[in-house]
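Lettering of chains follows the sequences in order, A, B, ..., and the numbering in each one begins at 1.
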2 protein chains.
Amino acid sequence: MKSTEPACQYELKAARDAMEVIQGKWRVPIVISLTYGKKRFGEIHRDIPDISPKMLSQELKALEENKLITRTLYDSMPVTVEYALTPLGMSLRELLNELRNWGKYFRNEIIGQL
Amino acid sequence: MKSTEPACQYELKAARDAMEVIQGKWRVPIVISLTYGKKRFGEIHRDIPDISPKMLSQELKALEENKLITRTLYDSMPVTVEYALTPLGMSLRELLNELRNWGKYFRNEIIGQL
DNA sequence: CCGAATCCTGTTTGATACTG
DNA sequence: CAGTATCAAACAGGATTCGG
């Protein structure tokens, strides 16, 4: 307890836990896309046209490992796969709202004056 | 307006604006450290011991360019520098709260079961 | 004490092409 | 449709040294 800010240390750790999960260029967009309902690979891709199939596949896998989304394979012909948010993934809703709100605020306040 | 999710596109952009500002390993910790009040370089460094002076300097500069913090030079001997949040930086408060809350939730729900 | 300058490395991301 | 494979580029981050 000699640190000047013991509380600070604990708060920092929690924030970094969260950042690790949503960090990167694509995870937030993917999760937001899925807040509109379950989607297939190609549908997510249409929401995020810039992403390469490789990155989409890779990030979906990471999100699944963190239990934020589920991957369901329908063994039809041709093969169909659906991605959907888990309850944990849905629990990001408030955080993503704040993220968007602040992003809009920042854009209005700053971007353009830079 | 032919996209399946026109609203989605707009929301994605706002969220990514926000992510760009707070992304990276160190920006959120730095801003959180400064929510406890203005601090000097070495004080921030004590809150975030793992960061190298180079990264701290570099990230402080980036945050200053985005108008989230101010850098004040006191021409004393030896030289003293103080960093503080701007109103825009303080406006991150709610977002950072959500980040920490979700981080704690995630840790309780998931980490350990992985 | 508060950095700047340089060099270096590994991870992340992307482009392109290909497969069941 | 839903990815994989391969290769290259870009970037983040670290180590070290130096200066006011």
Side-chain angles (χ1 to χ4, degrees), chain A residues 3-5 12 15-16 18-31 33-34 37-66 69-85, chain B residues 3-5 12-13 15-31 33-34 37-66 68-84:
Chain A
S3 164
T4 51
E5 300 287 4
L12 255 51
R16 290 183 67 174
M19 281 303 286
E20 261 181 45
V21 175
I22 65 170
Q23 205 153 43
K25 199 169 172 180
W26 304 114
R27 292 185 193 181
V28 165
I30 291 170
V31 172
S33 167
L34 287 175
K38 61 184 177 183
K39 284 184 177 160
R40 295 187 306 171
F41 191 93
E43 293 179 298
I44 303 172
H45 203 175
R46 272 189 288 284
D47 283 338
I48 314 168
D50 287 352
I51 197 173
S52 70
K54 172 192 163 184
M55 287 306 296
L56 182 51
S57 167
Q58 176 182 307
E59 295 305 283
L60 284 168
K61 210 168 290 179
L63 291 170
E64 197 192 351
E65 276 169 16
N66 282 336
I69 67 175
T70 56
R71 179 184 187 272
T72 310
L73 177 70
Y74 295 97
D75 211 3
S76 49
M77 183 61 182
V79 64
T80 302
V81 185
E82 265 183 0
Y83 295 91
L85 292 181
Chain B
S3 163
T4 51
E5 300 287 3
L12 255 52
K13 202 157 72 71
R16 288 183 69 173
D17 283 347
M19 282 303 285
E20 262 181 45
V21 175
I22 65 171
Q23 206 153 45
K25 199 170 172 180
W26 304 114
R27 292 186 194 180
V28 164
I30 290 171
V31 172
S33 167
L34 287 175
K38 61 183 176 182
K39 287 185 176 160
R40 296 189 306 169
F41 192 92
E43 295 180 295
I44 303 172
H45 203 174
R46 273 188 287 285
D47 282 339
I48 314 168
D50 287 352
I51 197 173
S52 72
K54 171 196 164 181
M55 288 307 295
L56 182 50
S57 168
Q58 176 183 306
E59 295 306 287
L60 285 168
K61 205 169 293 177
L63 291 170
E64 196 192 352
E65 276 169 17
N66 282 336
L68 298 187
I69 66 175
T70 57
R71 178 183 188 273
T72 310
L73 177 70
Y74 295 97
D75 212 2
S76 51
M77 184 60 180
V79 65
T80 302
V81 186
E82 265 183 2
Y83 296 92

Next on the checklist: Measuring only between side-chain heavy atoms, which start at C-beta, is B:Val31 closer than 4.5 Å to B:Ile22?
Outcome noted: no
Checklist outcome for this item: Taken in chain and number order and not counting sequence neighbours, the residues that satisfy side-chain hydrogen bond (donor to acceptor under 3.5 Å, both in side chains) with A:Gln23 are none
Next on the checklist: With heavy-atom distances below 4.5 Å as the criterion, would you say the side chains of B:Arg71 and B:Leu60 are in contact?
Outcome noted: no
Checklist entry - Closer than 4.0 Å, any side-chain N/O of B:Arg40 to the OP1 or OP2 of C:dC1? => result no
Checklist entry - Tell me, do B:Lys25 and A:Arg16 make a side-chain contact under 4.5 Å, heavy atoms counted? => result yes
Checklist outcome for this item: A correct 5'-to-3' footprint of nucleotides 13-20 of chain C, with B, S and - meaning base, sugar-phosphate only and no protein heavy atom under 4.0 Å, is BBB-----
Item to check | Close side-chain approach of A:Glu20 to A:Asn66, heavy-atom, < 4.5 Å | outcome: no
Item to check | N/O donor-acceptor pair under 3.5 Å between B:Arg27 side chain and B:Glu59 backbone | outcome: no
Item to check | N/O (side chain, B:Tyr83) to phosphate O (OP1/OP2, C:dG3) under 4.0 Å | outcome: yes
Item to check | Short side-chain N/O contact from B:Arg71 to OP1 or OP2 of C:dG3, under 4.0 Å | outcome: yes
Checklist entry - Where does the chain B footprint on DNA chain D start and end, counting 5' to 3' with a 4.0 Å heavy-atom cut-off? => result D:dG13 to D:dA15
Checklist entry - Name the one of A:Leu34, A:Leu63, A:Ile30 that satisfies side-chain contact (heavy atoms from CB on, under 4.5 Å) with A:Tyr83? => result A:Leu34
Checklist entry - Are A:Asp47 and A:Lys39 ion-paired here, with the side-chain N under 4.0 Å from a carboxylate O? => result yes
